Asks: 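Mind looking over this structure? Questions follow.
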Amino acid sequence: MSIQRPKGTQDLLPGYIEKWQYLEEVIRKVCFEYGYEEIRTPVFESTELFKRGVGETTDIVNKEMYTFLDKGERSMTLRPEGTASVCRAYVENKLYGTQQPVKLYYVGPMFRYERPQTGRFRQFHQFGAEVLGADKPVVDAEVITLVWDLYQRLGLTGLEVHINSVGCPSCRPLHRESLQSFLDQRRTDLCRDCQDRFDRNPMRILDCKNPSCQTLTHGAPTTLDHLCEDCASHFTQLQELLEAAGVAYKVNSRLVRGLDYYRRTAFEVLVEEIGAQSAICGGGRYDGLVEEIGGPSTPGIGFAMGMERVLAAIEVQKKFPELKPAQFAMVIALGDKAQQRGFSILSELRKSGVPASIDLVGRSLKAQLKAADRVNAHYALILGQDELDRGRVVIRNLRLGEQSEVPVSEIVSVISDKYREGARV
RNA sequence: GUGGUUGUGGCGAAGUGGUUAACGCACCGGAUUGUGGCUCCGGCACUCGGGGGUUCAAGUCCCCUCAUCCACCCCA
């Protein structure tokens with residue numbers, strides 16, 4: 001058997017790539033309007049960055065990273081997410097020395113070694129945004145609003161925006177303690193994973209999907225019950241701002257995101273209809289991350305959106321606009337002499353910005369018209385020996401099935417005029 | 001890492017052990033000689049994912065393997 005693409009990767013072919021281009025276009029537009037600028041960082045980084053930035057206890061670092069040694073024996077890793085890289089770039093390029101906050105976004109491939117399934121790939125794509133250097137609740141609100149706004153523009157419905165506050169280093173220990181004492185006597189009834197989590201990261205038990213863990217944690221103290229004054233007011237203000245912006249959110253006190261760095265605000269956007277992997281966006285505040293990576297103490301918040309999943313949602317909800325690429329004109333030349341003339345006409349058309357093509361494989365007139373039809377061309381410019389002798393070109397309107405003749409010298413201006421008029425028929 | 005699903009021509013899809021492996025779509029060509037989208041006709045598979053086995057005989061049964069898809073874990 002011939003070589004095939006690696007498991008969990010995909011070839012994005014013409015016919016579908018237009019949908020990606022459309023999504024990227026909307027993303028860039030929204031980001032521009034919100035004043036976010038693009039950043040591009042390497043697709044691989046020192047392994048250490050992700051160990052520190054994502055967290056040693058996470059599944060991503062423990063079992064999902066594409067790690068390799070380069071020829072200089074340095075351990076490198078294909079980026080599993082974007083936030084760590086953006087923070088690294090912020091520190092390395094001393095963006096903390098510029099006007100704060102810094103508002104950035106990125107679009108690109110991420111890599112995670114996992115078993116593929118619906119909405120999950122080994123190479124997938126994320127759109128993400130990060131705001132570094134601002135800690136007020138408005139920032140959180142703006143970021144969530146951006147996400148919401150983007151989904152609105154894409155026409156998506158039935159979305160659920162879940163928000164929560166996981167507290168900060170000063171209030172989280174209190175929650176941890178009270179949660180542990182709540183669960184202590186039923187500890188052995190928890191699933192195996194949660195028994196591990198009990199000491200390591202008990203908060204995650206709240207988020208466990210195992211039904212028995214869910215009943216056991218029913219009525220358990222949540223982080224919201226233990227927020228310190230600052231965190232509580234931050235969360236309240238966030239909600240007020242989201243209401244002001246018209247974002248339909250739900251407080252979900254069991255929402256605990258997987259990455260270690262989250263602080264205070266955590267949020268997630270879910271859609272049904274796209275399979276078991278229903279989260280199309282996840283994010284939160286990470287005020288300690290930049291420092292963890294060796295930079296100055298800097299607050300930060302951001303999110304990552306799975307583009308494949310967003311596209312799947314747009315697809316099932318049938319919200320893609322008409323995306324039909326069309327060649328405006330097809331030059332149909334018969335014979336070598338006509339081909340030369342036709343080729344020169346074609347090149348003039350292209351110079352004036354008209355999308356146009358010519359037969360490249362020596363097809364018959366009939367076959368060329370068929371081909372013109374297939375690329376949705378508006379006009380066929382027919383040039384044979386006959387026309388050549390008389391210095392004229394046949395213009396056939398393929399939509400109407402009507403045709404007329406025009407002198408060769410005028411053909412380019414006639415067609416480009418029609419193109420500019422945006423001729424629909 | 002665990003569980004299940006599927007694997008026939010470019011795509012979709014028949015085929016319930018036995019001569020030349022249906023059909024649809026797509027593609028290419030043609031229907032009195034230079035005009036498309038409809039219709040009609042014709043062309044287009046020597047590994048039925050790969051390997052091994054059972055049998056007189058296997059796409060059809062068994063084993064192994066690879067790939068795929070779906071689900072769990074976790075995540076976007």
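The model shown is predicted, which means the values in this text are computed figures rather than measured ones. Per chain, numbering begins at 1; letters A, B, ... match sequence-line order.
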Asks: Stepwise, does the ring pair (Phe, Tyr, Trp, His ring centres under 6.0 Å) test hold for A/Tyr262 with A/Tyr286?
Replies: CA-CA 5 Å; A/Tyr262 286 113; A/Tyr286 47 83; 7.0 Å; no

Asks: To the side chain of A/Gln126, which of B/rA76, B/rC27, B/rG34 is closest?
Replies: B/rA76

Asks: For nucleotides B/rC25 and B/rU39, find the distance between their P atoms and express it as a whole number of Å.
Replies: 9 Å

Asks: State whether A/Gln117 places a side-chain N or O below 4.0 Å from either non-bridging phosphate oxygen (OP1 or OP2) of B/rA71.
Replies: yes

Asks: Show me the dot-bracket string of RNA chain B, counting Watson-Crick or G-U pairs under 3.5 Å, with | for pairs to another strand and [ ] for crossing ones.
Replies: ((((.(((.[[[..)..(....]]].(((((.......))))).....[[[[[..)....]]]]])).))))....

Asks: Within the 4.0 Å heavy-atom criterion, would you say A/Lys370 contacts the bases, only the backbone, or no part of the nucleic acid?
Replies: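 Contact class for A/Lys370: sugar-phosphate only.
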
Asks: When we call it a touch if two heavy atoms are under 4.0 Å apart, what does A/Phe121 touch: a base, just sugar-phosphate, or nothing?
Replies: base

Asks: Could you check whether A/Gln403 gets within reach of a base, just the sugar-phosphate, or nothing at all, counting any heavy atom under 4.0 Å?
Replies: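 Base contact.
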
Asks: Before we go on, tell me: are the rings of A/Phe111 and A/Phe124 under 6.0 Å apart, centre to centre?
Replies: no

Asks: Between B/rA67, B/rA76, B/rU35, which nucleotide gets closest to the side-chain atoms of A/Gln4?
Replies: B/rA67

Asks: Scan A/Glu387 against the nucleic acid and name what it touches under 4.0 Å (heavy atoms): base, sugar-phosphate only, or nothing.
Replies: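 It contacts base atoms.
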
Asks: Decide yes or no, distance alone: a donor-acceptor N/O pair under 3.5 angstrom between the base of B/rG34 and the side-chain of A/Gln368.
Replies: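 No pair found.
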
